[in-house]
Amino acid sequence: MSTSDYLNIKSWAEEDRPREKLLLKGRAALSEAELIGILIGSGTKSLSAVDLSKHILSENGNDLNQLAKLSVKDLMKFKGIGEAKAISIVSALELGRRRKETEAVKKPQITCSEDVYKIIAPELLDNRHEEFWILILNRRNMVIKKQLISSGGVSGTVADPKIIFKSALEELACGIILIHNHPSGNLNPSQQDISLTKKMKEGGRLLEIPVLDHIIFTDNGYFSFADENIL
């Protein structure tokens with residue numbers, strides 16, 4: 001095997017190639033140099049893609065934050081990094097930065113019915129027609145997603161349990177909270193509201209996605225099935 005063959009990633013044992021290693025062992029098994037090696041795809045005659053990545057990292061103190069400060073032109077100063085490869089690196093690091101910004105916005109946590117009312121208020125306040133929403137929660141009762149299920153008329157809307165639990169399953173929910181508004185301002189649950197809540201609670205028990213509450217929302221207050229011990 002020649003030196004050039006050795007430095008070509010395709011000649012490595014399958015478990016040592018970055019792409020194959022990611023597929024076989026998962027992304028966490030790869031070093032930062034291997035991940036960057038996947039981005040750039042190929043190295044130079046004397047350096048493999050991973051070795052070139054190691055060199056770039058080393059020149060930046062092995063600090064991804066420092067590497068993220070480099071421009072496309074800065075990266076192109078490294079032999080073997082052309083414009084396309086430099087753009088790939090800059091784009092990947094920018095995605096990482098944006099993800100960090102997104103994670104900094106903490107998911108709201110539900111500790112009581114009032115939390116639910118405040119979280120859903122921007123969606124339902126001043127609504128003149130009835131809507132049915134769910135809050136999809138993780139194991140710590142943090143809101144993964146606010147999901148509109150249906151929108152109806154002044155006097156009612158349809159809430160299909162199949163659609164509700166499909167949405168919950170897709171998000172790997174650990175719990176859900178049902179919410180619908182009464183544009184009339186009437187806080188009292190209807191017989192239909194009570195029947196749906198019982199049906200949803202039973203479905204949640206079977207699917208191991210507990211229904212933690214059902215809130216009837218009005219502009220001037222709310223009714224909580226959990227608070228009233230009728231859930």
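All heavy atoms count here, side chains included; hydrogens, waters and symmetry mates do not.
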Item to check | Under 3.5 Å: donor-acceptor pair, side chain of Ser48, backbone of Gly43 | outcome: no
Checklist outcome for this item: Taken to the nearest 0.5 Å, the spacing of Ile144 CD1 from Ser167 OG works out to 12.0 Å
Checklist outcome for this item: Interatomic distance, CG@Leu135 vs CG@Leu212, rounded to 0.5 Å, equals 10.0 Å
Item to check | Asn181 backbone acceptor or donor facing Glu131 side chain under 3.5 Å | outcome: no
Checklist outcome for this item: Shortest non-hydrogen pair, Phe132 vs His214, comes out as CE1-NE2, 4.1 Å
Checklist entry - What orientation do Phe78 and His55 show, parallel under 30°, tilted 30 to 60°, or perpendicular over 60°? => result perpendicular
Item to check | Separation between CD1 of Ile87 and OG of Ser71, rounded to the nearest 0.5 Å | outcome: 11.0 Å
Checklist entry - So, Glu94 and Arg98, do they make that salt bridge, N to O below 4.0 Å? => result yes
Checklist entry - With distance as the sole test, does Ser195 use its side chain to make a donor-acceptor pair with the main-chain N or O of Gln191 at under 3.5 Å? => result no
Checklist entry - Does Phe165 have any ring-ring contact (aromatic ring centres under 6.0 Å, His included) partners at least two apart in sequence or in another chain, and if so, which? => result none
Next on the checklist: With a 4.5 Å cut-off on side-chain heavy atoms, are Ser113 and Ile215 touching?
Outcome noted: yes
Item to check | Side chains of Ile179 and Leu124 in contact at under 4.5 Å (non-hydrogen atoms) | outcome: yes
Checklist entry - In this structure, which one of Lys25, Lys21, Lys54, Arg17 forms a salt bridge (charged side-chain N to carboxylate O under 4.0 Å, His left out) with Glu34? => result Lys21
Checklist entry - Would Lys85 and Ser42 count as having a side-chain donor-acceptor pair, cut-off 3.5 Å? => result yes
Next on the checklist: Looking only at the side chains, is there a donor atom on one of Asp193 and His180 sitting less than 3.5 Å from an acceptor on the other?
Outcome noted: yes
Checklist entry - Is there a donor-acceptor pair closer than 3.5 Å between any side-chain N or O of Lys201 and the backbone N or O of Leu231? => result yes
Checklist entry - Is there a side-chain contact between Ile110 and Asp213, using heavy atoms and a 4.5 Å cut-off? => result no
Checklist entry - With side chains defined as the heavy atoms from C-beta onward, is the minimum distance between Ile36 and Ile56 less than 4.5 Å? => result no
Item to check | Test log, rule side-chain contact (heavy atoms from CB on, under 4.5 Å), inputs Asp219 and Asp126 | outcome: CA-CA 7 Å; Asp219 288 356; Asp126 298 324; 3.4 Å; yes
Checklist entry - Is Leu137 close to Ile176 at the side-chain level, that is, under 4.5 Å between some pair of heavy atoms? => result no
Checklist entry - Is there side-chain contact between Ser224 and Ile216, with heavy atoms separated by less than 4.5 Å? => result no
Checklist entry - When clusters are formed by joining ILVMFWY residues with side-chain heavy atoms under 4.5 Å apart, either directly or through shared neighbours, do Leu30 and Leu39 land in the same one? => result no
Item to check | Distance flag, aromatic centroids of Tyr222 and Tyr117, threshold under 6.0 Å | outcome: yes
Checklist entry - Is there a donor-acceptor pair closer than 3.5 Å between any side-chain N or O of Asn60 and the backbone N or O of Asn62? => result no
Next on the checklist: Does either side chain, that of Thr218 or that of His182, offer a donor lying less than 3.5 Å from an acceptor on the other one?
Outcome noted: no
Checklist outcome for this item: For Lys107 and Val143 the tightest heavy-atom approach is CD-O, 3.5 Å
Checklist entry - For the hydrophobic clusters of this structure (ILVMFWY residues joined by side-chain heavy atoms under 4.5 Å, transitively), does one cluster hold both Val211 and Leu172? => result no
Checklist entry - Do Leu125 and Val116 sit in the same hydrophobic cluster, where Ile, Leu, Val, Met, Phe, Trp and Tyr count as joined when their side-chain heavy atoms come under 4.5 Å apart? => result yes
Checklist entry - So, for Pro210 and Cys174, which heavy atoms are closest and what is the spacing to 0.1 Å? => result CD-O, 3.3 Å
Next on the checklist: Ignoring hydrogens, what is the shortest heavy-atom contact between Phe217 and Ala121? Give both atom names and the distance.
Outcome noted: CE1-CA, 3.7 Å
Next on the checklist: On a heavy-atom basis, which atom in Ala173 and which in Ile209 lie closest, and how many Å separate them?
Outcome noted: O-CG1, 3.9 Å
Checklist entry - Is there a side-chain contact between Gln147 and Trp133 (heavy atoms, below 4.5 Å)? => result no
Checklist entry - Would you call Leu64 and Glu32 a side-chain contact if the rule is heavy atoms closer than 4.5 Å? => result yes
Checklist outcome for this item: dist Ile134:CD1 -> Lys146:NZ (nearest 0.5 Å) comes out at 13.0 Å
